[in-house]
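Below: one structure, written as structure tokens.
Convention: sequence-line order gives letters A, B, ...; per-chain numbering from 1.
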There are 2 protein chains.
Amino acid sequence: MVHMNKRSGIESRKRILDAAMKVFSGHGYAKANMRMIAKAADISIGGLYLYFRNKEDLCFTLIKNRLDDLAGRTREALGDIDDPAEAIGKFISIHIKYVKKHRELILVQGREHGFAFGIEIKKKFFRSQRKLLEDIIRKGIKAGVFRKCDVEESAKIIFGAIRGFVLSIVVEPDSLFLPEECSNLILNGLVRRNNK
Amino acid sequence: MVHMNKRSGIESRKRILDAAMKVFSGHGYAKANMRMIAKAADISIGGLYLYFRNKEDLCFTLIKNRLDDLAGRTREALGDIDDPAEAIGKFISIHIKYVKKHRELILVQGREHGFAFGIEIKKKFFRSQRKLLEDIIRKGIKAGVFRKCDVEESAKIIFGAIRGFVLSIVVEPDSLFLPEECSNLILNGLVRRNNK
DNA sequence: TGTTCATGTGAACCATTGTTCAGTTTATAA
DNA sequence: TTATAAACTGAACAATGGTTCACATGAACA
């Protein structure tokens, strides 16, 4: 056995995160174990604990990174859009595209294992995303584009629907869920318009 | 210790299912263990295995029962509704109400533990529910009430949205998600109608 | 009374797994 | 070369938990 130890700490940490991502994704939190992650990261079991307090901390870090990333991308993308309808469409498409790219980790977050870990961080994320939606809706109503409605409740419902799209894509990766179709439904509904 | 054994088998099976429901609901699949279920069902650990092959089989039976029940209720409720818009509303409200009643078990199904158990049964359930939606949409288009659209894709999206409502309610039981508001969005969309 | 069998028991088995810690290795600098 | 500390190792520990099995119980019946 070749000894490959003595690498830079920062690099090892990254390797562990990458490996953990793969292992958690492939097996889920409960069935993934530290030995698998250690092997995948080409480090010893004990080595893992140099960089993460425990299994939970490791998974938590993974989730937090992803959520922060998505939140940042969303804010950024919405920055230069004025049309509320277009903003809603963008909001939806960002989320759908993000899922298709990071399907694996979302599988892990699901409901996996006992309860509440990372629940706080997730709730915070959801709240901030909903706030963005609320801003768009308020703007849309003020501009006369959207119908008058309870802004908070609507944002909650729309974000709920998006969560459903995300979940469906995660569970059935082959299903289409074209962003345009999804936002078309949210924007225009199922009922036929008079002027068409 | 009083010996309470020698009860009818069928009754014991029911007691076990009730107990399992409570325990799985309260702790999730992974953290629930056979000892807890045995105690809650007032039976011995070994006794559990007289009625269910293993932990998975026990949980699977629970889920299957619930899904069959919901599928039956849906079919029944939609039977005597002709108006497509009303049918969509009913479909949504049935699901939302069902979740609020059986929140616990849905928590268990989530994504819990490794992979695929009960996945087949769930997929079958989803397929059949989507079929119901497709029928409603097709009828609505034919009647000129709904806009022309890809029926299958629309059903998938709407069912996806409903899944999101369900998930949101499960995770945040306090949130409202009024059925009327939800179907209003699905039916009419966010954008303001001309005639209003 | 004695036999049968469905029903029930729970200690014990065994595999798994998160975590620790006493010790090893190597880069760096004095 | 030697000392120091950061990086790393993996056997061992301790707890958990699904499952089994040899045995017990009691209702029904001959």
Rounded to the nearest Å, what distance is computed from the CG atom of residue B:L50 to the C1' atom of nucleotide C:dA6?
9 Å
Need one value for A:G9: base, sugar-phosphate or nothing, where a base atom within 4.0 Å counts as base even if backbone is also close, heavy atoms only.
sugar-phosphate
Atom NZ of A:K14 to atom C1' of D:dA7: distance rounded to whole Å?
17 Å
Who pairs with A:F125 by ring pair (Phe, Tyr, Trp, His ring centres under 6.0 Å), at least two apart in sequence or on another chain?
none
Indicate, with yes or no, if B:L176 and A:I157 share a hydrophobic cluster defined by side-chain heavy-atom contacts under 4.5 Å among Ile, Leu, Val, Met, Phe, Trp and Tyr.
no
One thing to verify: whether A:K64 and A:D68 come together as a salt bridge, which I'm taking to mean a side-chain N less than 4.0 angstrom from a carboxylate O.
yes
Can you tell me the distance, in whole Å, between the CD1 atom of B:I37 and the C1' atom of D:dT19?
13 Å
For A:L48 and C:dC21, give me the distance from atom CG to atom C1', rounded to whole Å.
15 Å
Between B:E120 and B:K124 (salt bridge meaning N to carboxylate O under 4.0 Å), is one present in this structure?
no
I need the CZ-P distance between A:R13 and D:dC8, as an integer number of Å.
13 Å
Quick one: is A:S12 getting a side-chain N or O under 4.0 Å of the D:dC8 phosphate, OP1 or OP2?
yes
Base, sugar-phosphate alone, or nothing: which one does B:G46 contact when heavy atoms must sit under 4.0 Å apart?
base
Would you mind classifying the nucleic acid contact of B:F52 as base, sugar-phosphate or nothing, using non-hydrogen atoms under 4.0 angstrom?
nothing
Salt-bridged, A:D135 to A:K131, with N to O below 4.0 Å?
no
So the salt bridge (Lys or Arg N to Asp or Glu O under 4.0 Å) pairs with at least one residue in residues 179-188 of chain A (sequence neighbours excluded) are none
Sub-3.5 Å pairs of nitrogen or oxygen atoms, protein against nucleotides 15-19 of chain C:
| from | atom 1 | to | atom 2 | distance (Å) |
| --- | --- | --- | --- | --- |
| C:dT17 | OP2 | A:N33 | ND2 | 3.2 |
| C:dG18 | OP1 | A:A32 | O | 3.4 |
| C:dG18 | OP1 | A:K55 | NZ | 2.9 |
| C:dG18 | OP2 | A:M34 | N | 2.8 |
| C:dG18 | N7 | A:R35 | NH1 | 3.0 |
| C:dG18 | O6 | A:R35 | NH2 | 2.9 |
| C:dT19 | OP2 | A:Y49 | OH | 3.0 |
| C:dT19 | OP2 | A:K55 | N | 2.9 |

B:I10 atom CD1 is separated from C:dT7 atom C1', nearest whole Å, by 14 Å
